[in-house]
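The structure appears below as C-alpha cells.
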Number of protein chains: 2
Amino acid sequence: MRWGQDRMDNDNDQLMTPAEVAEAFRVDTATVTRWARAGLLNPVFTLGGHRRYRASEISDRLR
Amino acid sequence: MRWGQDRMDNDNDQLMTPAEVAEAFRVDTATVTRWARAGLLNPVFTLGGHRRYRASEISDRLR
DNA sequence: TAGGACTGGGGTAATTGGGGTG
DNA sequence: CGTGTCCCAATTACCCCAGTCC
C-alpha cells in the first residue's frame, strides 16, 4: 500500500471531474474552479481546456 | 481499490453545511461554530476555510 | 453529425468566519 | 457558562451562456 506516498507530481493517478470534487467537499462546482484558479489545486487539463483533479490530492485535502 | 483506508472518521461520509447543522439542533449557526472551535465537533474544511460537518457525527449527537 | 450532459467564464446574492458584546 | 445578536471581510451559491465532452 504505497500509492499515497511516492507520488505527487505524476500522471498515473485517478482523475476526478469537477462535479465529483464538488460533491466530496459539499461545495458548488464553481467553487472548485475558483480553488483551481487560485492555485490551491493542481488539475490536469483536457485538450479542450476542462479540468480533471487528482483523486490523491483531493482525498488529502478532505481531512 | 479502497480510497478511505478503512477509517470511520475520514471521507466516504455525507457532509452538512453549518446552516443545516444549526437547523437540526435548533440553534444559531454561530453556536455550531463555537462547538467546532471548542473541539466538540470534527469538521472537514473547504479550501476556503469554511466548515463542513459529517452527517454521521451529527446524527450521533442528535440521539 | 446530432444531441444531451457537463464545464468554464462572469456577475450578483447569500452564507460563513471571526471578533466583540449583551 | 452557554447562547443570540451585530459588525465586517472573505468565501461560497446561484444565475446566465458559449464551448467541450461523450
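Below, all heavy atoms of this structure are taken into account, side chains as well, without hydrogens, waters or symmetry copies. So that the names make sense, note that chain A is the first sequence line, chain B the second, and so on, each numbered from 1.
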- Query: Hey, mind stepping through B:Leu41 and B:Ile58 against side chain to side chain contact (heavy atoms under 4.5 Å, CB included) and telling me if it holds?
  - Reply: CA-CA 8 Å; B:Leu41 292 174; B:Ile58 300 304; 4.2 Å; yes

- Query: Linking I/L/V/M/F/W/Y whenever any side-chain heavy atoms sit under 4.5 Å apart, do B:Met16 and B:Trp35 land together?
  - Reply: yes

- Round to a whole Å and report the spacing from CG of B:Leu41 to P of C:dT16. 15 Å

- Message: Output the rounded distance in Å from CG (A:Leu15) to C1' (C:dT7).
- Response: 15 Å

- Query: For A:Arg26, does its backbone N or O pair with a side-chain atom of B:Arg52 as donor and acceptor, under 3.5 Å?
  - Reply: yes

- Ignoring backbone atoms, establish whether A:Arg51 has a side-chain N or O less than 4.0 Å from OP1 or OP2 of C:dG8. yes

- Query: How does protein reach along nucleotides 3-15 of chain D, written 5' to 3' as B (base within reach of a heavy atom under 4.0 Å), S (only sugar-phosphate), or - (no contact)?
  - Reply: BBB-----BBBB-

- Query: In Å and rounded to the nearest 0.5 Å, what is the OG1 to CG distance from A:Thr31 to B:Leu47?
  - Reply: 10.0 Å

- Query: For the helix from C:dG3-D:dC22 to C:dG19-D:dC6, how many degrees between its two end axes (five pairs per end), to the nearest 10°?
  - Reply: 60°

- Message: Can a donor-acceptor pair be found, under 3.5 Å and without considering hydrogens, that links the side chain of B:Glu57 to the backbone of B:Arg54?
- Response: no

- Mind calculating the distance between CZ (B:Phe45) and C1' (C:dG18) to the nearest angstrom? 12 Å

- Query: Between A:Ala36 and A:Tyr53, which heavy-atom pair has the shortest distance, and what is it?
  - Reply: CB-OH, 3.7 Å

- Item | Taking every non-hydrogen atom, the tightest pair across B:Arg61 and B:Leu40 | NH2-O, 3.1 Å

- Query: Does CD belonging to A:Glu23 count more than 12 external heavy atoms closer than 6.0 Å?
  - Reply: no

